[in-house]
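Worksheet: one structure, shown below.
For this chain, numbers begin at 1 and follow the sequence in order.
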Amino acid sequence: MPAEIPARVLTLAGSSVQVFADAPTACLAAAGRIAEAVKASLAARGRAVLGLATGATPEPVYARLVALHREGALSFARVSTYNLDEYYPIQPLDPLSYRSYMHWHLFQHVDLAPDHAHVLDGTVPEAFAAEHAAQFDRWIAADGGLDLQLLGIGRNGHIGFNEPSDLSVDDARKLPTRLVPLHPITRTDAAREFGGEDKVIPRALTMGVAPILAARSILVLAFGPRKAEVVAEALRGPVTAEVPASLLQTVPGKVTWLLDEAAAHQLVYDSNLR
Ligand code: PGA
């Protein structure tokens, strides 16, 4: 059996949920799905547009994409990328910036044109942050929209840095790219990278919920027991802005969740579909 075959496939809340034996296997599958999406978009319209994520979860996905590139199986020459988020303010050369992360894990290793790799700019003056964010959304639209958006999920259910809120579902679905304060759980979870919770940059630019939901396909990765509860809330709970990932239920047929057994535990446990 090829390594990328999931142990279990469920359909929940209009999403395909694929559970793998472990996170490395799920990451191989994710890279395979991204490579297929690139090839399909190139065949259909001569270019591909990817929405990319940072954080610990997708690191092995980028390693596999780089390996595919080195094997000659994947070219980024006609690909454009848009990253989900960036701390604000931050210098691109700061090792903690998501621009640095992308350079380190993907951009420096592949044939992606530098001017096709878009990361929100943590150096834009604050008075222009709203215009910069609006321009980011216009660029995505001008590029024909995202063919595939790669997502992680925060322990508080955030997607990108779209944090939990008391907005109505309709208003939350319309959120554009913008400057946001980080949620306390996000700051706690970033404390290790920053060397303490008080050192975490407390704001960020994030791609909005609207452009994420508008992607033609969405791949969500979640691994480990720390994500089990929020994965179950996002897939089995009500659609609510308090759990931003639950808003993915409003775009049925577009979303694939790739989980390891630990992240799926609560889901599968509660389910009759084991
Ligand atoms: P992580 O972050 O991959 O570092 O767990 C996921 C997220 O917050 O979206």
Side-chain angles (χ1 to χ4, degrees), residues 4-20 23 25-38 40-41 48-55 57-58 61 81-85 140 145-164 169-170 172-175 177 206-223 227-261 263-268 270-271 273:
E4 307 89 284
I5 300 293
R8 212 177 341 242
V9 179
L10 327 173
T11 300
L12 284 177
S15 296
S16 171
V17 181
Q18 307 191 357
V19 184
F20 292 81
T25 312
C27 286
L28 286 182
R33 296 280 300 239
I34 293 167
E36 277 167 27
V38 167
S41 299
V49 184
L50 298 177
L52 298 179
T54 50
T57 305
V61 178
T81 63
Y82 289 86
N83 262 85
L84 276 174
D85 40 27
I140 293 173
L146 301 168
D147 292 303
L148 181 146
Q149 175 66 56
L150 181 63
L151 288 181
I153 177 172
R155 274 195 307 131
N156 61 2
H158 74 197
I159 48 176
F161 281 134
N162 293 285
E163 302 284 26
V169 167
D170 276 353
R173 293 183 77 244
K174 289 183 197 139
L175 285 170
T177 299
T206 184
M207 191 190 289
V209 174
I212 292 172
L213 296 183
R216 284 184 275 285
S217 63
I218 300 173
L219 213 50
V220 195
L221 306 182
F223 306 136
K227 299 287 173 74
E229 188 176 342
V230 76
V231 165
E233 281 177 30
L235 277 162
R236 292 195 156 279
V239 177
T240 165
E242 284 167 28
V243 182
S246 72
L247 299 168
L248 297 168
Q249 293 184 33
T250 68
V251 287
K254 290 214 287 205
V255 185
T256 302
W257 291 72
L258 302 181
L259 308 174
D260 66 358
E261 292 282 2
H265 184 68
Q266 203 154 322
L267 205 57
V268 174
D270 287 347
S271 166
L273 301 168

Checklist entry - Taking atom CG of Leu148 and atom CZ of Arg216, what is their separation to the nearest 0.5 Å? => result 10.0 Å
Checklist entry - Distance from Tyr82 atom OH to Ile212 atom CD1, nearest 0.5 Å? => result 15.0 Å
Please check if the side chain of [X] supplies one atom and the backbone of [Y] the other of a donor-acceptor pair under 3.5 Å.
| X | Y | answer |
| --- | --- | --- |
| Thr206 | Phe161 | yes |
| Ser15 | Val17 | no |
| Asn156 | His158 | yes |
| Thr25 | Glu4 | no |
| Asp147 | Val49 | yes |

Checklist outcome for this item: Tested for side-chain contact (heavy atoms from CB on, under 4.5 Å) against Val255, the lone hit among Leu213, Leu235, Ile218, Leu12 is Ile218
Using the test side chain to side chain contact (heavy atoms under 4.5 Å, CB included), find all partners of [X] that sit at least two apart in sequence or belong to another chain.
| X | value |
| --- | --- |
| Ala241 | Ser165, Leu167, Ala172 |
| Glu229 | Glu233, Gln266 |
| Arg155 | Ile185, Thr188, Asp189, Arg226, Lys227 |
| Ala30 | Val61, Leu219, Leu221, Leu258 |

Checklist entry - Hey, mind stepping through Leu84 and Leu52 against side chain to side chain contact (heavy atoms under 4.5 Å, CB included) and telling me if it holds? => result CA-CA 6 Å; Leu84 276 174; Leu52 298 179; over 6 Å; no
Least distance between heavy atoms, [X] atom then [Y] atom:
| X | Y | answer |
| --- | --- | --- |
| Ser16 | Val9 | OG-CG1, 4.1 Å |
| Met207 | Asn162 | O-ND2, 2.9 Å |
| Leu267 | Val231 | CD2-CG1, 4.0 Å |
| Pro244 | Ile159 | O-CD1, 3.9 Å |
| Ala234 | Ile153 | CB-CD1, 4.3 Å |
| Phe20 | Ala29 | CZ-CB, 3.5 Å |

Checklist entry - Applying salt bridge (charged side-chain N to carboxylate O under 4.0 Å, His left out), which residue pairs with at least one partner in residues 11-20 are found, sequence neighbours left out? => result none
Item to check | Residue pairs, two or more places apart or on separate chains, that pass side-chain hydrogen bond (donor to acceptor under 3.5 Å, both in side chains) and touch residues 243-260 | outcome: Arg33-Thr256, Arg173-Thr250
Next on the checklist: Counting C-beta onward and ignoring hydrogens, is there a side-chain heavy-atom pair between Val19 and Glu261 closer than 4.5 Å?
Outcome noted: yes
Next on the checklist: Working note: Leu50 + Leu150, criterion side chain to side chain contact (heavy atoms under 4.5 Å, CB included); need CA distance, chi angles, decisive distance, verdict.
Outcome noted: CA-CA 8 Å; Leu50 298 177; Leu150 181 63; over 6 Å; no
Next on the checklist: Is there a side chain to side chain contact (heavy atoms under 4.5 Å, CB included) between Phe223 and Leu259? Walk through the geometry before answering.
Outcome noted: CA-CA 6 Å; Phe223 306 136; Leu259 308 174; 5.7 Å; no
